[in-house]
Structure formats: structure tokens, C-alpha cells
**Q** 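Shown below is the structure under consideration.
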Amino acid sequence: MQRRTFIKQTSILTALASTQTLASNNPSTQFPMVISTWKNEKANEAAWASLQKTGRALDAVEAGARIPEADPNDTSVGYGGFPDRDGNVTLDACIMDEKGNAGSVTFLQHIMHPISVARAVMEKTPHVMLSGEGALQFALSQGFKKENLLTDVAKKAWEEWKKTSKYEPKINIERHDTIGLLALGTKGEISGACTTSGLAFKMHGRVGDSPVIGAAVFCDDEVGGACATGLGEFVLKTLGSFLIVELMRNGKTPQQACEEAIMRIVKRYNYKEFQIGYLALNKKGEYGAYSIQSGFSYTITENGVTKVIESKYYMK
Ligand code: GLY
């Protein structure tokens, strides 16, 4: 055997052996993998398709987030999202990769894919977060198209809401399904993303947790990642995703870490009126989920198979 061929074959065998060792040391080691908040099969399938193409978790979470962003029937994300109390659709999103890079946009209007703008902020600017008019100008400079995101259905719902204009800073889980996604790429690296139109009929200018790194999403490639959905104010006040990753770093399982993060809210706030759901995924591919109320579900894709799972919850 020629020396070059021998070296090539040996390194392929070594690579295979180390993958197998990893798998046998951790029977649960499982990647690639995608997990997302709520019932989001199409988003997961897009993320999975992206993983088959590039293998990169970052591409996968972006591809997944773009599905509800473009769906006019999803009334809490992107196009079709319910507007604020003045009739403006304002969007928040963030993305984080395995190297600790992060990008986000807040209070962005007229752009269908805030997650891709957030990624551009991460990759093409020295900043982490762009907001409002500045975020829009940046998006346009990057070739994103300005569009009307207020659908007839959302406009009608807003007009109906205006009859009472009852300001309810609550989450109705049927109405508010911010999507958060976590993925492990083919190299086992972690990334996360989150995108939303925020709380329906919120005050003009209100920004929730979804664009805030550490609140809605946090990833650390030594540990894993976490993401959030629900009433953003309480995720912000407790920095839930960062907390969950730190709890996992200190030995908690993803399930235990999500439960602890929910308990931090339950102990301090009047939790009965709103919903928060957390998802966590560690580097072994172990995952967990927990919410305050019943009704929170999440979608997982592994080995190309997608399933929706009901989360455990606190309020019985
Ligand atoms: N979790 C999304 C929001 O509160 O806006």
C-alpha cells in the first residue's frame, strides 16, 4: 500500500473509531438533532434538510425559524404576526452559534425574515443588536425587501381588539407561540435561534425576551443550549436561557435545569396568569422541557424522524 493511501485510510478509520468511542461512552450521544418550541414540524423539517446540506447547526436553526416567519397563518411570528396596539407589526429575533457569536434585531418592521437579519448583524457588523429604524436600514442595505407584514386576518383581529382595547399583558398559549430552536450539527456543535412578533397588541415600542441573548436563547459549546417561549417579561427578569445553560454546566440534566428555571419564576412572581416554556439540549443530545401551565409542546427531529411531545409542567 502506498504511504499516502495508508495515511488516508488510517485517518478515516481513526475518525470512525473516535465517533464510535464517543457514542459508546455516552449511549445517548445523538447528533445531528433539532428541537423547537411548540408544534413546529415544518420548521424542524426545514432545519433537518439544511443539516443534510451543510451539516451546520447555525444554518439549521436559521432555516427552521424562516418557516413560521413566512407563514401568514402563524399569528405570533413574522408575516401574519398580530400587530402592536397601534397596528404595527414589530419583530424581534436572535441567533447564536457554537463559537459564542451572537446577533439580534429588535423592533424591526417590514422585513419578513428577522432571523436572517439577526444573522447578518452577527456576521457582518461589529455589534450584537440593532434596533428599530437602524435595524431596518441595515436590513435594506443587505438586500432584504421591505414588505407589508400585516395580513387581513391580523388587521381584523386588531380591529376587533380595539373595540375594548383591553391591555392584557398575558400570554394565551394558543395565540402566542414564539419559536425557539436549538440544533446540534453533524460535528456535534450547538446553535440556537428565536423569532417572534411578540405579545399581541403590545404597547408600541415593547420589546420582549426574543432578541435578548441569555434570555430567549443561550448556547455554550462546552455545555449545550436553551431557549424560551412565553411572556417575555418574565424570561427577561430571570435570564432563563443563560440560567439553564449554567445549571447544566454545574451538573443538572436538561430536564432538571428547565424545571429549576421555571421555579425561579414561580417563586417570585404571580405565575398563574401567564405561560413560559423552556427547552434545553446538551451536547450529548439529551433534552428537557418544562413550562408553567399545561399546553406547552415541543418538536424534536432525530434520525430524520420528527415528533411532537407534550412538555411536563408546574401547575397541576
Ligand atoms: N416571548 C416572546 C415575547 O414575549 O415577545
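Just so you know, ligand 1 is whichever comes first in the structure, and atom 1 is the first atom listed for that ligand.
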**Q** For ligand 1, which atoms sit closer than 4.0 Å to a heavy atom of Thr178?
**A**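 Heavy-atom distances to Thr178 below 4.0 Å select 1 (N), 2 (C).
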**Q** With a 3.5 Å cut-off and no angle check, do the side chains of Thr37 and Thr229 form a donor-acceptor pair?
**A**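 Note: Thr37 and Thr229 side chains miss the donor-acceptor criterion.
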**Q** Are Asp220 and Arg249 ion-paired here, with the side-chain N under 4.0 Å from a carboxylate O?
**A**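 Looking at Asp220 and Arg249, the cut-off is met.
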**Q** With nothing but distance in play, are any N or O atoms of Asp209 less than 3.5 Å from an N or O of ligand 1?
**A**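 Yes.
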**Q** Is there at least one pair of N or O atoms, one from Gly230 and one from ligand 1, spaced under 3.5 Å apart?
**A**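 Between Gly230 and ligand 1 (N or O atoms, distance only) the closest approach is under 3.5 Å.
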**Q** Does either side chain, that of His110 or that of Glu147, offer a donor lying less than 3.5 Å from an acceptor on the other one?
**A**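 The criterion, which ignores hydrogens and geometry beyond distance, is not satisfied for Glu147 and His110.
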**Q** Report yes if Gly232 has an N/O atom closer than 3.5 Å to an N/O atom of ligand 1; otherwise report no.
**A**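 Yes, at least one N or O pair falls under 3.5 Å.
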**Q** Sequence neighbours excluded, which residues qualify as side chain to side chain donor-acceptor pair (under 3.5 Å) partners of Thr106?
**A**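 Per chain and number, Thr106 pairs via side chain to side chain donor-acceptor pair (under 3.5 Å) with Ser131.
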**Q** Work out whether the distance between some heavy atom of Arg206 and some atom of ligand 1 is less than 4.0 Å.
**A**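 Yes, that is the case, since the closest heavy atom of the residue is under 4.0 Å from the ligand.
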**Q** Apply salt bridge (Lys or Arg N to Asp or Glu O under 4.0 Å) to Glu98 and list each qualifying residue two or more places apart in sequence or on a separate chain.
**A**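 Salt bridge (Lys or Arg N to Asp or Glu O under 4.0 Å) list for Glu98, sorted by chain: Arg56.
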**Q** Which atoms from ligand 1 have a heavy atom of Ser210 less than 4.0 Å away?
**A**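 Per the distance check, 1 (N), 2 (C).
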